[in-house]
Amino acid sequence: MAEQAMVRNRIRHGYADDDVRRRMVDDIVITLGYRYRSQAIVAKDDRPVLTAPLRLDGEPGTRAPHVWLERDGVRISTIDLFWDSFVLLTGPGGKAWHEAAARLAAGSPVPLRTVRIGEDCVAEGDWAAAYGIPPDGAVLVRPDAFVAWRSSGGVPDPDAILSLVLDQVAGAGAAATAAR
């Protein structure tokens, strides 16, 4: 953000060359498209904080994509699900992830809910593709609607993986305490 402020300042005051002008990022990217890089995000790469154009595709560190859902006859956004706890999103193929999250949530001090798209609510369109996961994948979203982690599919021990992930994104030891 500081870099963008300096770029805009140079442009505004007439001190920008072509290289500085190329580094300016659109306002919508600054507002919605920034990426967190921290220990509270489980991601393999070191992508830049700001990337243009705006692309919300479920990548860890970015805002969760909006997908329309119908739950109990009411149309809501996926974004409406993220406000009071971590939420693990799965589809019907992510049953093992769902069950592992339910077990972990039962004894964890970290607030964790699971939502099964296709079971608890119905999506308009392909929500899994919008979040960048296969049918047996899962996405963990923080209460601030940023993606903390996503799976590339099923694994032999989803309990262990989710416990490690929750420990990392919520603070070491949170899920481990629940496992005791």
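Numbers here simply count residues along the sequence, with the first being 1.
Taking both residues in full, the closest heavy atoms of Pro134 and Ala128 are given as O-CB, 4.5 Å, listed atom of the first, atom of the second, then distance. Pairing each heavy atom of Pro65 with each of Ala130, the nearest pair is CG-O, 3.3 Å. Contact record, Pro158 with Ala96: CG-O, 3.8 Å, taken as the closest heavy-atom pair. Of all heavy-atom pairs between Gln4 and Arg23, the closest is NE2-O, 2.8 Å.
Thr78 places no side-chain N or O within donor-acceptor distance of the main-chain N or O of Trp68, the cut-off being under 3.5 Å. The backbone N or O of Leu88 sits less than 3.5 Å from a side-chain atom of Thr114, completing a donor-acceptor pair. Judged by distance alone, the side chain of Arg150 and the main-chain N or O of Gly58 form a donor-acceptor pair under 3.5 Å. When atom types are taken as modelled, the side chain of Ser151 and the backbone of Ala138 share a donor-acceptor pair closer than 3.5 angstrom.
In this model, no donor atom of one side chain and acceptor atom of the other lie less than 3.5 Å apart for Thr90 and Arg116.
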**Message:** Set out, in order, the CA-CA distance, both residues' side-chain angles and the distance that settles salt bridge (Lys or Arg N to Asp or Glu O under 4.0 Å) for Arg21 and Asp17, then state yes or no.
**Reply:** CA-CA 6 Å; Arg21 285 186 192 86; Asp17 58 18; 5.9 Å; no

**Request:** Could you walk me through whether Leu162 and Trp149 pass side-chain contact (heavy atoms from CB on, under 4.5 Å), step by step?
**Result:** CA-CA 10 Å; Leu162 279 178; Trp149 166 85; 3.8 Å; yes

**Message:** Evaluate Arg75 against Glu70 for side-chain contact (heavy atoms from CB on, under 4.5 Å), listing each step before the verdict.
**Reply:** CA-CA 5 Å; Arg75 189 177 195 222; Glu70 184 178 317; 5.7 Å; no

**Request:** Verify salt bridge (Lys or Arg N to Asp or Glu O under 4.0 Å) between Lys95 and Glu119, making sure each step is shown before the conclusion.
**Result:** CA-CA 10 Å; Lys95 183 178 179 184; Glu119 302 276 334; over 6 Å; no

**Prompt:** Asp157 and Ile161: side-chain contact (heavy atoms from CB on, under 4.5 Å), yes or no, with the steps?
**Reply:** CA-CA 7 Å; Asp157 190 355; Ile161 298 296; 5.6 Å; no

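Side chains of Phe86 and Arg113 form no contact here, defined as non-hydrogen atoms less than 4.5 Å apart.
With sequence neighbours left out, the side-chain hydrogen bond (donor to acceptor under 3.5 Å, both in side chains) criterion links Asn9 to His13.
In this structure, the separation between CG on Asp120 and CZ on Arg71 is 8.5 Å, given to the nearest 0.5 Å. Distance CD/Glu124 to OG/Ser77: 10.5 Å, rounded to 0.5 Å. Atom-to-atom distance recorded for Asp159:CG and Glu99:CD is 9.0 Å, nearest 0.5 angstrom. The distance from the CE atom of Met24 to the CZ atom of Arg8 is 4.5 Å, given to the nearest 0.5 Å. Note: Ile41 CD1 to Gln168 CD = 9.0 Å, rounded to the nearest 0.5 Å. For the atom pair CG (Leu166) and OG (Ser108), the distance works out to 5.0 Å, reported to the nearest 0.5 Å.
Atom CZ of Arg10 sits in a sparse spot, with 12 or fewer heavy atoms from other residues, nucleotides or ligands closer than 6.0 Å.
Cluster partners of Ile133, by chain and number: Val67, Leu69, Val74, Ile76, Ile79, Leu81, Phe82, Val87, Leu89, Val115, Ile117, Trp127, Tyr131, Val139, Val141, Val147. The rule joins Ile, Leu, Val, Met, Phe, Trp and Tyr whenever side-chain heavy atoms lie under 4.5 Å apart.
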